[in-house]
Amino acid sequence: MSRQRTLIKALLRSGYAHGTAEEIFRAAREEMSEIGLATVYRNLNYLADHGEIRRITVSDDKDRFCLLYTSDA
């Protein structure tokens, strides 16, 4: 589990549940200034592909993401 992935999951647990990748990126930059947008997308895709978060596709809008469980793992 990378620091970036841990941060993204923490943000989803807090006020960024159902956030877009860009919203999560902006919040992550406040905590980890070196994180890049591509890193956020890559980690969101990884977490969604491995069933840890859900990607919510909204027609005519950006995908949103939410955590499926609250484990720290």
Side-chain angles (χ1 to χ4, degrees):
M1 175 78 63
S2 69
R3 288 182 15 227
Q4 295 88 347
R5 194 169 300 146
T6 299
L7 174 59
I8 290 166
K9 287 177 72 172
L11 290 168
L12 288 169
R13 256 192 303 283
S14 66
Y16 292 91
H18 300 110
T20 65
E22 290 83 3
E23 291 167 344
I24 295 165
F25 166 68
R26 284 193 297 273
R29 286 292 294 253
E30 292 179 18
E31 301 285 326
M32 187 181 292
S33 62
E34 70 275 10
I35 197 167
L37 182 58
T39 299
V40 171
Y41 272 106
R42 187 170 41 257
N43 278 282
L44 288 169
N45 286 326
Y46 175 90
L47 291 167
D49 291 346
H50 287 84
E52 295 186 47
I53 66 173
R54 176 172 289 141
R55 179 189 326 271
I56 303 165
T57 303
V58 182
S59 61
D60 298 331
D61 202 1
K62 297 177 182 176
D63 287 352
R64 297 188 170 273
F65 298 88
C66 67
L67 198 62
L68 293 178
Y69 61 89
T70 59
S71 169
D72 288 339

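Fair warning: this is a prediction, and the values are worked out from it, not measured in the lab. Starting from 1, each residue takes its place in the sequence as its number.
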Euclidean distance, [Y] [atom2] relative to [X] [atom1], rounded to 0.5 Å:
X   : Y   : atom1 : atom2 : result
E52 : L44 : CD    : CG    : 11.5 Å
C66 : I56 : SG    : CD1   : 4.0 Å
I24 : L11 : CD1   : CG    : 7.0 Å
R5  : N43 : CZ    : CG    : 4.5 Å
R13 : I53 : CZ    : CD1   : 12.0 Å
T20 : R64 : OG1   : CZ    : 5.5 Å

Can you list the residues that meet the side chain to side chain donor-acceptor pair (under 3.5 Å) rule with [X], with sequence neighbours excluded?
X   : result
E31 : none
R29 : none
R26 : none

Report task. Please identify each residue that fulfils salt bridge (charged side-chain N to carboxylate O under 4.0 Å, His left out) with E34, with sequence neighbours left out. Result ->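 Per chain and number, E34 pairs via salt bridge (charged side-chain N to carboxylate O under 4.0 Å, His left out) with R3.
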Query raised in the report: Is the count of non-hydrogen atoms from other residues, nucleotides or ligands lying under 6.0 Å from R55 atom CZ greater than 12?
Result: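 Count over threshold, so yes.
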Query - Pairs involving residues 15-38, ordered by first then second residue, that meet ring-ring contact (aromatic ring centres under 6.0 Å, His included) (sequence neighbours left out) - result: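 Every candidate ring-ring contact (aromatic ring centres under 6.0 Å, His included) pair involving residues 15-38 fails, so no pair, neighbours aside, qualifies.
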Query raised in the report: In this structure, which one of N45, V58, T57 forms a side chain to side chain contact (heavy atoms under 4.5 Å, CB included) with D63?
Result: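 Result for side chain to side chain contact (heavy atoms under 4.5 Å, CB included) with D63: T57.
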Query - Check: T39 side chain, I35 main-chain N or O, donor-acceptor pair, under 3.5 Å - result: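 Judged by distance alone, no pair lies under 3.5 Å.
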Report task. Show the numbers, then the answer: is there a side chain to side chain contact (heavy atoms under 4.5 Å, CB included) between I8 and L47? Result -> CA-CA 10 Å; I8 290 166; L47 291 167; 4.2 Å; yes
Query - Electrostatic pair K62-E23, nearest N-O below 4.0 angstrom - result: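 Looking at K62 and E23, the cut-off is not met.
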Report task. Mind checking ring-ring contact (aromatic ring centres under 6.0 Å, His included) for Y46 and listing every partner two or more places apart, or none if nothing turns up? Result ->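 Partners of Y46 by the ring-ring contact (aromatic ring centres under 6.0 Å, His included) criterion, ordered by chain and then number, come out as H50.
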